[in-house]
Structures are given as C-alpha cells and as structure tokens.
Amino acid sequence: MTAAESADRVQTYDPRAIQEKWQARWEAMDLFRASDDPEDTRPRRYVLDMFPYPSGDLHMGHAEAYAVADAMARYYFQRGDNVLHPIGWDAFGLPAENAAIRGNSHPADWTYKNIETQAASFRRYALSFDWSRRLQTCDPEYYQWTQWLFLRLHERGLAYRKDGYVNWCPVDQTVLANEQVISGKCERCGSEVARRSLTQWYFKITEYADRLLADMAPLEGKWPDPVLLMQRNWIGRSEGAEVSFAIEGIEGAEGAAEPVTVFTTRPDTLYGATFFVVAADSVLAAELCAPEHRAELDAYLADVRKLTDIERQATDREKTGVFLGRYAVNPVNGEQIPVWAADYVLPDYGTGAIMAVPAHDQRDLDFARKFGLPVRVVVDTGGPDPAETGQATPGEGTLVNSGPLDGLSKADAIQTITGILAERGTGQAAVNYRLRDWLVSRQRFWGAPIPILYCEGCGEVPVPEEDLPVRLPDLRGQDLAPKGVSPLAAASEWVNTTCPKCGGPAKRDTDTMDTFVDSSWYFLRYCSPGYTEGAFEVESVRRWSPVDLYVGGVEHAILHLLYSRFFVKVLYDMRMVDFVEPFTALMNQGQVINRGKAMSKSLGNGVDLGQQLAAHGVDAIRLTMVFASPPEDDVDWADMNPDASVKFLGRVTRIAADAGTASAAGAGAVASGDIALRKVTHRTISEVTRLVEGTRLNVAVARLMELATATRRAIDSGPGAADPAVREAAETLAVLLSLFAPYTAEECWELLGHPASVAKAGWPSADPALLVEDLVTCVVQVAGKVRDRLAVPPGVTAAELRELALAAPGVSRTLAGRGIRTVIVREPKLVNIVPE
RNA sequence: GCCGGGAUGAUGGAAUCGGUAGACAUGGACGCCUCAAAAGCGUCUGCCUGAGAGGGCGUGCGGGUUCGAGUCCCGCUCCCGGCACCA
C-alpha cells in the first residue's frame, strides 16, 4: 500500500471527530477507577496532581501540568499497576469572594459554576482521573473534617491565639491580603494601607522545625534539589546564643524586673555591642520607651506602619529610628548602651530585639553612622577600620578589646562566652529559626469557619465534634464587602449561639481558615472520599499513601508543601498515619509563558487554551506540551508549533490504517517479519520505558517519531504494509503514544482491529535478542579529533580495534608520517591516537 | 544584596558515566506525486573555506585538569526565578 492509498482510508486526520467519538465511549467504560479491594495484589501507585483553584476555565499552565502527570499515570496503568489518580478542587479562597462582591453573586455559585466548567474541560482533555473520588474543599462534607483537624491541633496545644499584624484598609474597613496592597495602597479604593493588630489563630509549626528539616534527608534525589534547599532556607535554622540585657530604669516597675533577651549568632562580639535596638512596632518598644520619648516613638510608628513588608525590608533604604531614652546593661562588662527603636529589626524574628555590633554587622554600622553611635572593633580580621570605611568586617579573626576573650578565634570565643553567660545565668546557647508560626485566621467569608466559641463564663470553647460541620451561613443577597472585621460577624443569628459547656450565651469565631489548611490534607481524603466516620479511613490511607509522585508548579515549593508535611507529622503523632512525609517523589513542571513573559491580562499576552484546543485538537496540544522541553523547564508558547504535532499524529494514524488494512489483529504477535524494523521497534520500547521512568518525556516523544519514520519507510520502500514487523511497529506505536495522545492512540488501536481500550493494552516489553547490535560505529581520533569511522562488531577486542584504527585511511592521511606516542582504545566505540 | 537555575544552529531542544556535539522537531532549500495547488512522501540544511576530496572554527567569555571537556575545576559576563535588612 502506498501513502496515496492510505490517504484514501484516512482522508485527513480530524481530531475533533476522534475526540467526540471516543470521549463518550470512554465515559461508559470507566477505565481508570482505582481498586480499593485489599485483596487486589497489583502494585499500588498514587499519582497526584496539585488540585486546581477554580478561577475560571483551565488555562495553558494546567494544560502542561496535567499532560505531564497524566502521561505518568497512564504509564503505570499500562504497566498493570493499581493506580490512584484522583482530582478535586481547592475551592475556598479570595477570588470567589472578590468576584462575588464585584458581580453581586454568591461565592458558592461562582465557585461551583467554575468547577463544572473545569471538570468538563478535564474530561475533554482526556485525563485518566478516577472521577469517583472527586472532592471540593468548600463542600461541608469536606470542611467538616478540616474543622475536625483544627480541633485536634487545638487539643494538642498546636493551635493558639495571639496578636498579629494585618494589612488594614481604613476606608473599606477590611483586612487586605498582601496581593491586594499595591505599593502601599488598597487595590480597591486606593487609600493608604496601615498595619493593624488583631488577635488571630496560629498553628505551632515552629515546634516541628527540626523534624521538618531532618525528614528531608530521604527526599534527597526524589524531590528537586532547589525545592529542598528552599525549604531548608525557609526554616532557616541558626545557632547562636541568647543574651539577657537588664534595662536601666525598668527594674521594679511591675514587681520582678524582666531583662530583655536578644538572640545573636555572634555572641563572640558581645564586647563590641555599642547600642541596642528593638523593633519599633513590637510590644517591647512600647514597654521600654521612656515617657518623655513616647511622642517621638508614636510619630515614628505612624510612619513605620505605612510601609509594606516589601518596602520596609528594601536593603537600600536609609536607616531610620528613634532613641527611647533608656539604657541596656551589657551583662559581661556592665556597660550601659542606648536603646533605640528601628524598623530594620523585625518584631517576628528572634526576640524582636538585637544587640548592635556596628563594627561587624553592616546594618548596625549603617545605623551607627547615621546616628553618630560609637563603633568598636572586637574582632581583628586584618581588614581596615569599619568606622572609617563604612564597611563592616563580619569575617573570621582574632578577638581584641574583649576582656577574657582576647586572643581567641571566633569559634573559641563563641564557646567561651557562651560558657561564661551560662555560668552567670545571663545567657545560654540557643537555636533560632527563621520559620514563624502559621497564621491561619482569615477575616473572610469564603473559607472553613474556625470551630471555636467564646463563652462569657467558660471562655474559649471548642465546638463539640458532633456539632461539626460549623456550616457557613448563607448570607445570600447580603453585601459581603465587610464593614467591620470579618464578613461572618454580620450574620448575628449565626454568631450568637449557646455554650455547649454551660448552656449560656456564646459567640462563634467569625474568622475562617487559611485555604492552605484545606489543601494540607486533601491527598489523604482521596483515599476514602466518601468516608463519614472521620477525615479519612486509616486503613485505606495506609494502603495508598504516601503519594508516589506529586506533580505541580514550583510556586508551591515552600508554603503548601511545608504545611502538608507539617500536617502529616502531626497526624503521625496522633497515630493516624504510619509515615512522616506525604510525598515520596515530587516533580515541578515549568510554566507556560508567552513571548518571554508570564501570561497576564495587563501584558495582553494571554493565550486561550479553549481556542488552542479548538484549533489543533486535544492530542496535539498535549503532545506539544510534552515534546516542547523537559517537563521542569518553562515553555514559551510563542516558540511552539502545534501544527507539527497535528502532522505527526496524522502520520501515525495513516500507519495504523495501512497496517490494519494489510494484516489482521494478532499477526504482530508472531515474532517474525523484517528484522531491521523489529530492531527499531524493540529499541524504541526499551528506550521509551527508560525515558518515561526518568520523566524525560520530550525525548520519549522523539523516539516515537523515529519509530514512525522507520515504519513509514518499511511500508513504502521496504517489506510493505502486510509484513508482521510493520503490524508490530504500528501496534507498539499506538500503545506508547497512548500516554501522550490518548484519542489518536485509541483510533489507531481500532484501525489495527483491536477492541477499545488501548489504555488496557499493556505496556510492551523489549525482546533482549533484538536489542543486540550487529555492528557499532567506532570513531577514530587523532589528537582528540575525529578523523575516521569504523563499523566493527560489538565484541571486537582492544588489540583488533587498535590495528583496524591504525590502518584507517583518515589516520594515515592525518599522521602524514609522524610517529605515535600513545593509543587510547575504548572498545568498541573509540580509539584516540596521540602523535609525537 | 543573598540563594537557586540557566546560557548548545535561524528556533524549541538532544547528547544525564569525561568519549561521534547538534538526535527529534520547527523554519528554510530542493525533488517526487499532481493538470495544478494543498496534503503526503523523500533529500539536504552549525559557521567559514574549497570544484571536490578535504581543511579550519564551533556548546556565553577567559584560564586550568585530561589522551580526550557541552559535561569536571577556577575566575568572569549576561539572563531567568525565588527570598528580601534574618541579628
């Protein structure tokens, strides 16, 4: 059969017709339901995509991420594993609330409508999900258990309340997320945003800091290195010492004098502390401030509160601060040093106060120079005087001007001074973390209500388990734009309730939980999604978890992954799970950008996925995404050409049509036919298996293209379409292609005379006998440059190869009579001849 | 500023053990098929030089190690991402 004839049978490759035909049939077949039967002995494999936020329809980024994860899930299906590949929606969150306020609709309506849109798109996109396990975090059946988990953390002392700062818009009377603050102004009304203190719930993730660090060791090599590094840096463990400074004039104010403790990584420089700084917006600053400096501090504070976190922490900003009229006493030498308040010290890090050593810390030096404070060198680093150069010397050196520490090295001095402080009870070795506790309260409507009541008599009372879920009040038709603290406060019938302990009046907490709480345990819920006796069925989670492969964007490299890891550790301590890490392997797929930039409305460079799918078909878009680059790299859509994928898919379909017409199904099972093509087929199987296992999908697709070319050649100018090797190649092509282009692969499978579905065909295995090469190419180099090539049997000996190489025409031509110094032989692939 | 990642033809990328640089694809040129076009099928395509055989150069830049470096080491430049005064 010729190419022209095959074109008669498959006139044109029509992706839309194939999609319509197969999507309906697949729905009826329910192909990808995971079996939870404990008797099922197939290897279990949990492949998980980060679940989407239903902000609208799916976009180009989803198209890439889900194509990659789906190829992996389909591979394990083909291998015969019992695969769990679920889908759900991270459905609470701010955009729904904003859309509701703008469009005057209810967040639930907006959310569920978008979910349906995305679900339909997912089905059309032919993802191998087990739809029976679908979940949505905004369903009461789900958030009931989010609340239950909150109560368990509360019970264990891991949920507590304290004051924390929020961005506050004084005009809208609402709390703003960081992303709603645009250069210090409210994104809605443009008024200046201030920081305001609110009492809020926190999860004590810092208690798990060391375990979060230590448990990363087994993830090495299974998670991307940069992610592990970012997690480590985020936790930010540093060793040093706590040092207590008494404050002059504070003692005895309220009974016992509370010295102020600082954390330092450089206790060796204690003799060089020439002033003391507290975070201007900390409680400490207010406590320490002398009455006559109060007005000055208040004025300064007003300025500090206008700054966003980002502005405040800009390195190139000039140092600012005010003197508080107090002096701190250096515990080692009794020296009195002035206490200042400044914004370069952060209230949340360490103790919110520092001892300033300007000679050896650049920030302290900048501050000292600005305000004329003394600079004292206590470590001789051999560098020039910081007071003159303006450059602090933070490096190693010999201690000077430091009493008992003089002459010691930095390391010895740290050890000695820590010992002295401990002896006198004015300090001790300490570890500090950059990680802060997780603020989970949100002054939002569209989230899981915090299941706590406040009773006048009993105080803080957890909602009894049997009263869960604490359902969101409807508030339909009401203005969700908050006029006070939290939108839920407006639902007075909902807020006012009775105390389960004393039966007296009580009020509900009107805040909802951070949506990261919802997403910190959803992967456990998938194991038993309909379970009504608990958050998840312990036995089911034991069978499926931890997740074998987690696929998602690098933008979640820190928070989501860290919080999920924390939750699993807490559940481990509760003996509800028997593992300490939720995700055994992690893959970060890259972003889809356009013309060098992330797609955005303001840049006007957005690409609509729906239009792309309509123009080129689902399979071509999936294939283009996978073939474009290694999965972890960004893809610039402007560089892509989906028509190339359409062309390839048509080519494969015609091959299937030719082979299907020329021979009957089953003919390929006979190990016969054109040996050259059979070798290509089996090498492809072997290579693609290896490449998919290593998630090197772009190269796997290239190998499929090579097999297609070889098969086409065999049909047109080789043994012809009826050869069993051609059928074997065509069937192999269909099965391997099913990972990337499921519709086309299914169509090919039918053209080849097989009943649906190709997804159940089974992954082929390569015949080792066909992987052996008759001849291999040996390159012959002279002085490292290729001068000739030889075709040699793979078993050629070093001596034989050496002789062959020396006799090669390219060698004698290049040597031109020169003598030979050495000959390097790496049989059978390379010989390097080094001339005199 | 710090941390991380990267730089390979006109373009996306391949070469994951230090051993043939440029697989595969796009784009381009040409051929076959066709009344013609499209589609399809095929050949060529890193740069310079040469009629050709061949020769020279070539993986951001400069050094180094090695028989041999895209790959390892040292020093730079530029780009991308993340974090942002972390005591």
Side-chain angles (χ1 to χ4, degrees), chain A residues 2-4 6-7 11-13 224-227 229-230 232-234 236 238 240 262-266 269 277 309-310 312-317 319 342-346 348-357 360-364 366-367 432-436 554-555 557-558 590-591 593 596-598 624 627-630 632-636 638-641 643-645 647-648 650-651 654 694 696 698-706 708-709 712-713 715-717 777-786 789 810 813-814 821-826 829-835:
Chain A
T2 66
S6 80
Q11 279 296 337
T12 42
Y13 170 69
D225 289 341
V227 175
L229 199 57
M230 282 192 267
R232 287 198 179 94
N233 292 343
W234 188 264
S238 56
V262 301
F263 174 79
T264 176
T265 53
R266 292 295 301 275
T269 63
V277 189
D309 279 356
I310 306 286
R312 172 170 179 173
Q313 290 158 5
T315 345
D316 47 7
R317 255 181 70 242
K319 293 279 178 288
D343 62 8
Y344 82 93
V345 172
L346 305 174
D348 297 331
Y349 185 77
T351 60
I354 61 156
M355 62 177 214
V357 185
H360 307 296
D361 182 285
Q362 191 61 49
R363 294 156 300 170
D364 295 344
D366 292 343
F367 194 86
N432 190 52
Y433 296 96
R434 180 189 177 279
L435 182 70
R436 299 176 213 160
V554 74
E555 66 272 20
I558 298 181
Q591 300 209 303
I593 60 175
K597 294 251 162 51
T624 301
F627 184 54
S629 71
E632 57 275 14
D633 288 4
D634 287 353
V635 171
D636 193 329
D639 296 328
M640 293 302 120
N641 184 359
D643 284 331
S645 299
K647 190 170 148 189
F648 171 67
R651 193 171 156 90
R654 286 187 298 274
R696 295 171 54 212
N698 55 327
V699 189
V701 172
R703 296 291 171 267
L704 293 186
M705 290 172 170
E706 285 171 288
T709 301
R712 181 80 259 162
R713 187 170 294 142
I715 293 170
D716 288 349
S717 52
T777 303
C778 173
V779 295
V780 184
Q781 300 176 332
V782 175
K785 293 190 187 237
V786 180
R789 289 181 168 82
R813 185 175 57 231
T814 313
R821 181 147 39 121
T822 19
V823 179
I824 309 279
V825 181
R826 293 284 180 272
K829 301 283 271 186
L830 178 130
V831 176
N832 188 14
I833 298 161
V834 186

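So that the names make sense, note that chain A is the first sequence line, chain B the second, and so on, each numbered from 1.
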Does [N] have a Watson-Crick or wobble partner in any strand here, with both distances under 3.5 angstrom, and which is it?
| N | value |
| --- | --- |
| B/rG82 | B/rC2 |
| B/rG54 | B/rU49 |
| B/rC72 | B/rG64 |
| B/rC44 | B/rG28 |
| B/rG18 | none |
| B/rA23 | none |
| B/rA36 | none |
| B/rU59 | none |

With A/Arg703, which residues qualify under side chain to side chain donor-acceptor pair (under 3.5 Å), at least two apart?
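Scan of A/Arg703 (side chain to side chain donor-acceptor pair (under 3.5 Å), adjacent residues dropped) gives A/Glu687, A/Glu706.
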What nucleotide, of [options], holds the atom closest to the side chain of [X]?
| X | options | answer |
| --- | --- | --- |
| A/Arg813 | B/rG55, B/rC24, B/rU20 | B/rG55 |
| A/Val699 | B/rC86, B/rA14, B/rU26 | B/rA14 |
| A/Arg826 | B/rC86, B/rG19, B/rC41 | B/rG19 |
| A/Asn698 | B/rA23, B/rA14, B/rC67 | B/rA14 |
| A/Val345 | B/rA23, B/rA87, B/rG5 | B/rA87 |

Considering only atom [atom1], compute the distance from [N] to [M] and round it to an integer number of Å.
| N | M | atom1 | value |
| --- | --- | --- | --- |
| B/rC2 | B/rG60 | C1' | 24 Å |
| B/rU20 | B/rA29 | C1' | 27 Å |
| B/rC78 | B/rU8 | C1' | 16 Å |
| B/rC83 | B/rU11 | P | 31 Å |
| B/rG82 | B/rG12 | C1' | 25 Å |
| B/rG13 | B/rA7 | C1' | 13 Å |
| B/rA10 | B/rG63 | P | 24 Å |
| B/rG58 | B/rA69 | C1' | 14 Å |

What is the glycosidic conformation of B/rG22: syn, defined as within 90° of 0, or anti?
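Anti.
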Whole-Å distance between [N] [atom2] and [X] [atom1]?
| X | N | atom1 | atom2 | answer |
| --- | --- | --- | --- | --- |
| A/Asp639 | B/rG9 | CG | P | 14 Å |
| A/Asn233 | B/rG4 | CG | P | 8 Å |
| A/Leu435 | B/rC86 | CG | P | 17 Å |
| A/Trp234 | B/rG4 | CH2 | P | 17 Å |
| A/Ile558 | B/rG4 | CD1 | P | 13 Å |
| A/Met640 | B/rU11 | CE | P | 13 Å |
| A/Asp716 | B/rC32 | CG | P | 17 Å |
| A/Glu632 | B/rA14 | CD | P | 9 Å |

Could you check whether [X] gets within reach of a base, just the sugar-phosphate, or nothing at all, counting any heavy atom under 4.0 Å?
| X | result |
| --- | --- |
| A/Phe627 | base |
| A/Thr822 | nothing |
| A/Asp361 | nothing |
| A/Gln781 | base |

Return no unless some side-chain N or O of [X] is found under 4.0 Å from OP1 or OP2 of [N].
| X | N | result |
| --- | --- | --- |
| A/Lys647 | B/rA25 | no |
| A/Arg651 | B/rC24 | no |
| A/Lys785 | B/rC57 | yes |
| A/Asn432 | B/rC86 | no |
| A/Asn641 | B/rG27 | yes |
| A/Arg434 | B/rA87 | no |
| A/Arg713 | B/rU43 | yes |
| A/Arg363 | B/rC86 | yes |

Using every non-hydrogen atom in the two residues, find where A/Ala356 and A/Val277 come nearest and quote the distance to one decimal.
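Closest heavy-atom pair between A/Ala356 and A/Val277: CB-CG2, 4.3 Å.
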Does the pair A/Arg712 and A/Asp716 meet the rule for a salt bridge (charged side-chain N to carboxylate O under 4.0 Å, His left out), with working shown?
CA-CA 6 Å; A/Arg712 181 80 259 162; A/Asp716 288 349; 3.1 Å; yes
Within-4.5 Å side-chain heavy-atom neighbours: [X] and [Y]:
| X | Y | answer |
| --- | --- | --- |
| A/Ile833 | A/Gln781 | no |
| A/Met640 | A/Val635 | yes |
| A/Phe263 | A/Ile354 | no |

Apply side-chain contact (heavy atoms from CB on, under 4.5 Å) to residues A/Thr269 and A/Met355 and explain how you reach the verdict.
CA-CA 10 Å; A/Thr269 63; A/Met355 62 177 214; 3.8 Å; yes
Is a side-chain donor-acceptor pair under 3.5 Å present for A/Tyr344 with A/Asp366?
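No, no side-chain donor-acceptor contact under 3.5 Å.
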Quick check: on RNA chain B, is the nucleotide nearest A/Thr777 upstream (toward 5') of the one nearest A/Asp634, or the reverse? Name the residue that is more 5'.
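Counting from the 5' end, the first nearest nucleotide belongs to A/Asp634.
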For A/Met230 and for A/Ile824, find the nucleotide of RNA chain B with the closest heavy atom, then tell me which residue's nucleotide is more 5'.
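Upstream on the strand: A/Ile824.
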Please round to the nearest 0.5 Å and tell me the distance separating atom CH2 of A/Trp234 and atom CZ of A/Arg436.
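Taking CH2 in A/Trp234 and CZ in A/Arg436, the distance rounds to 7.5 Å.
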